[in-house]
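Below: one structure, written as structure tokens.
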Amino acid sequence: MMKILDKFTRRIWLLLIFPTLAQAEPILNGIATHQELGKERFIAAVYSENMYNDPMALLASTEPRRMELKVTANRLSARRLNNMWIEGMAINNSATALEQHADYMVEFAGFVKKRLVSGDVLTIDGLPGEGARVSVNGVEVGAVESDSFFTMLLATWIGPVPLSSDFRTGLLTGGNVQPELLGRYRSITPSPERVDEIAAWSAPAPDPGTPPEAPPPEPKPAAAVAVATPAPAPAVVKPAVAAAAPTLAQAPTPAAPTPQPEAPAPRPAAPKPEPKPKPAPRPVAAPPADPLLDEDLLDEDELDEDGPALTAQSLLSRQLYHSKLKRWTYEYLKYPSRAQKRGQEGSVRLSVVIDRQGNVKTVSAVQESRYSLLNREALGAVKRATPFPPMPDEVQGNEFTFSLPIVFRLPD
């Protein structure tokens with residue numbers, strides 16, 4: 001009780017001395033890392049005016065809040081980043097809320113135009129009455145004039161189905177963060193050159209009707225009467241082993257050439273033997289893979305410009321279909337009895353690809369729990385759920401890829 005009073009008294013004392021603190025920036029509430037396929041992608045942080053451990057209380061708050069993402073992977077494509085938001089909103093919000101915010105989601109998906117790289121910082125500020133302000137490396141790239149839209153974005157991190165249970169727990173520590181992780185987080189800053197690149201995203205495109213500016217005229221050569229700049233002294237070079245050739249003044253008069261006897265006619269050269277065929281090269285082991293040539297390159301660095309443009313209707317159809325696939329899979333999910341007896345809990349996230357008829361083409365674990373029983377059951381649920389509901393006509397393409405989060409949690 002005394003600690004709570006001391007904290008409250010200290011805050012009041014600071015506000016009396018520094019009244020501007022009443023409008024100070026939000027305070028760090030928690031930090032968490034996000035991994036996919038065993039590799040860390042980014043470090044995330046949530047800020048708020050007050051400290052929270054309860055996700056529902058933070059989502060219901062009307063105070064300024066902030067989400068910040070610092071990239072630690074070599075690259076994070078715009079497609080992958082937008083899929084994270086689109087899928088997270090589909091999983092954590094009702095169909096009515098998705099329908100109401102579809103236009104905002106299309107607008108938001110266009111803010112990050114190209115891939116992010118290691119050291120980039122994506123910041124989303126939720127300001128009451130102003131909506132969500134989005135910036136990359138301190139450069140504002142867009143804004144959505146909706147307070148509720150920011151709350152939907154925040155739900156993708158701390159809502160009922162977050163990126164992972166550990167991820168949500170790390171963001172809800174009430175300011176009690178690990179010093180080592182905090183040090184890593186604070187050390188990530190973009191370079192000035194990268195900031196200039198991001199600023200170019202919002203630069204207006206040149207008018208195609210405007211002719212390009214003529215290059216500046218080349219400087220004319222100096223007049224003959226101008227004083228010439230003395231040339232630099234030649235570098236000292238050691239003399240060669242052979243004697244130097246005499247100068248023109250010292251060169252002797254050449255003597256008359258002495259007639260030489262005629263050389264005998266050259267004999268025809270003997271034919272060269274044909275070269276023996278070279279032995280076939282032995283197979284050589286392939287060089288080690290470039291660390292950059294991993295699954296990151298399977299993602300498009302930019303949004304698919306050749307594909308259909310993202311519209312509110314197409315995005316909404318995709319989100320509703322994703323929600324349907326999630327609910328469909330949960331009908332076939334079982335909690336292994338041995339895992340329950342052993343008190344095993346955890347979360348698994350799968351990546352599933354289906355064709356238009358709902359048949360599974362591939363399934364892989366993006367994130368696994370610590371327990372093999374839970375990991376096997378998650379894959380088994382997908383197998384039992386096949387075939388999935390077919391792709392609706394509104395969702396284009398020959399296949400549909402979706403993320404499937406499965407949380408195993410024992411009742412309290």
Side-chain angles (χ1 to χ4, degrees), residues 34-39 41 76-93 95 98 105 109 155-157 159-167 294-300 303-304 307 310 314-336 339 346-409:
H34 174 59
Q35 295 186 353
E36 291 179 4
L37 301 174
K39 297 182 179 180
R41 297 294 175 184
L76 181 61
S77 70
R79 179 185 296 276
R80 174 173 290 185
L81 184 63
N82 282 316
N83 282 345
M84 180 187 74
W85 303 119
I86 293 172
E87 292 185 348
M89 295 180 78
I91 295 171
N92 289 281
N93 295 280
L98 294 175
M105 189 65 226
T156 66
W157 283 5
V161 188
L163 296 178
S164 72
S165 299
D166 293 339
F167 182 79
D294 57 9
E295 72 281 352
D296 285 336
L297 295 185
L298 300 180
D299 271 340
E300 295 293 336
L303 294 177
D304 187 3
L310 187 65
S314 63
L315 185 146
L316 180 61
S317 299
R318 177 180 169 183
Q319 288 182 318
L320 295 179
Y321 182 52
H322 189 180
S323 298
K324 184 177 183 178
L325 296 175
K326 182 198 69 171
R327 294 192 303 268
W328 178 274
T329 310
Y330 288 177
E331 294 293 328
Y332 297 89
L333 187 64
K334 303 174 183 178
Y335 206 131
S347 60
V348 183
R349 184 174 289 268
L350 305 176
S351 177
V352 185
V353 182
I354 60 176
D355 60 20
R356 291 208 65 89
Q357 289 70 42
N359 300 307
V360 174
K361 299 181 68 174
T362 61
V363 57
S364 58
V366 177
Q367 184 176 14
E368 294 182 327
S369 72
R370 294 179 294 172
Y371 305 106
S372 58
L373 281 173
L374 304 183
N375 299 331
R376 288 199 300 267
E377 172 55 28
L379 293 172
V382 173
K383 184 177 180 180
R384 292 189 295 270
T386 306
F388 286 86
M391 292 173 59
D393 296 337
E394 296 81 6
V395 178
Q396 300 184 7
N398 296 324
E399 60 186 32
F400 185 81
T401 304
F402 64 99
S403 176
L404 184 62
I406 299 175
V407 179
F408 296 92
R409 184 180 297 116

Answer yes or no: is there a side-chain heavy-atom contact under 4.5 Å between [X] and [Y]?
X	Y	result
Pro405	Ile91	yes
Leu325	Val352	no
Arg318	Phe400	yes
Tyr332	Val382	no
Met84	Leu163	yes
Met105	Trp85	yes
Ser165	Arg409	yes
Gln35	Asp166	no

Have a look at Phe408 and tell me which of Leu333, Leu373, Asn375 forms a side chain to side chain contact (heavy atoms under 4.5 Å, CB included) with it.
-> Leu333
Where the side chain of [X] meets the backbone of [Y], is there a donor-acceptor pair that is under 3.5 Å apart?
X	Y	value
Glu87	Ser403	yes
Arg327	His322	no
Glu377	Lys334	yes
Tyr321	Pro389	yes
Ser351	Ser364	no
Arg356	Pro390	no
Asn359	Asp355	no

Shortest non-hydrogen contact between [X] and [Y], atoms and distance:
X	Y	answer
Gly346	Leu374	N-CD1, 3.8 Å
Met391	Gln396	CE-O, 4.0 Å
Ala95	Leu320	CB-CD2, 3.6 Å
Gly159	Asn92	C-OD1, 3.5 Å
Leu350	Ala378	CD1-O, 3.6 Å

What's the separation between atom [atom1] in [X] and atom [atom2] in [Y], rounded to the nearest 0.5 Å?
X	Y	atom1	atom2	answer
Arg41	Leu81	CZ	CG	12.0 Å
Lys324	Phe402	NZ	CZ	12.5 Å
Asn83	Ser77	CG	OG	7.5 Å

Apply side chain to side chain donor-acceptor pair (under 3.5 Å) to Ser164 and Arg349, showing your working.
-> CA-CA 8 Å; Ser164 72; Arg349 184 174 289 268; over 6 Å; no
Might you confirm whether atom NZ of Lys326 has over 12 heavy atoms from other residues, nucleotides or ligands at distances under 6.0 Å?
-> yes
Carboxylate-amine/guanidinium contact Arg384 Glu331, below 4.0 Å | no
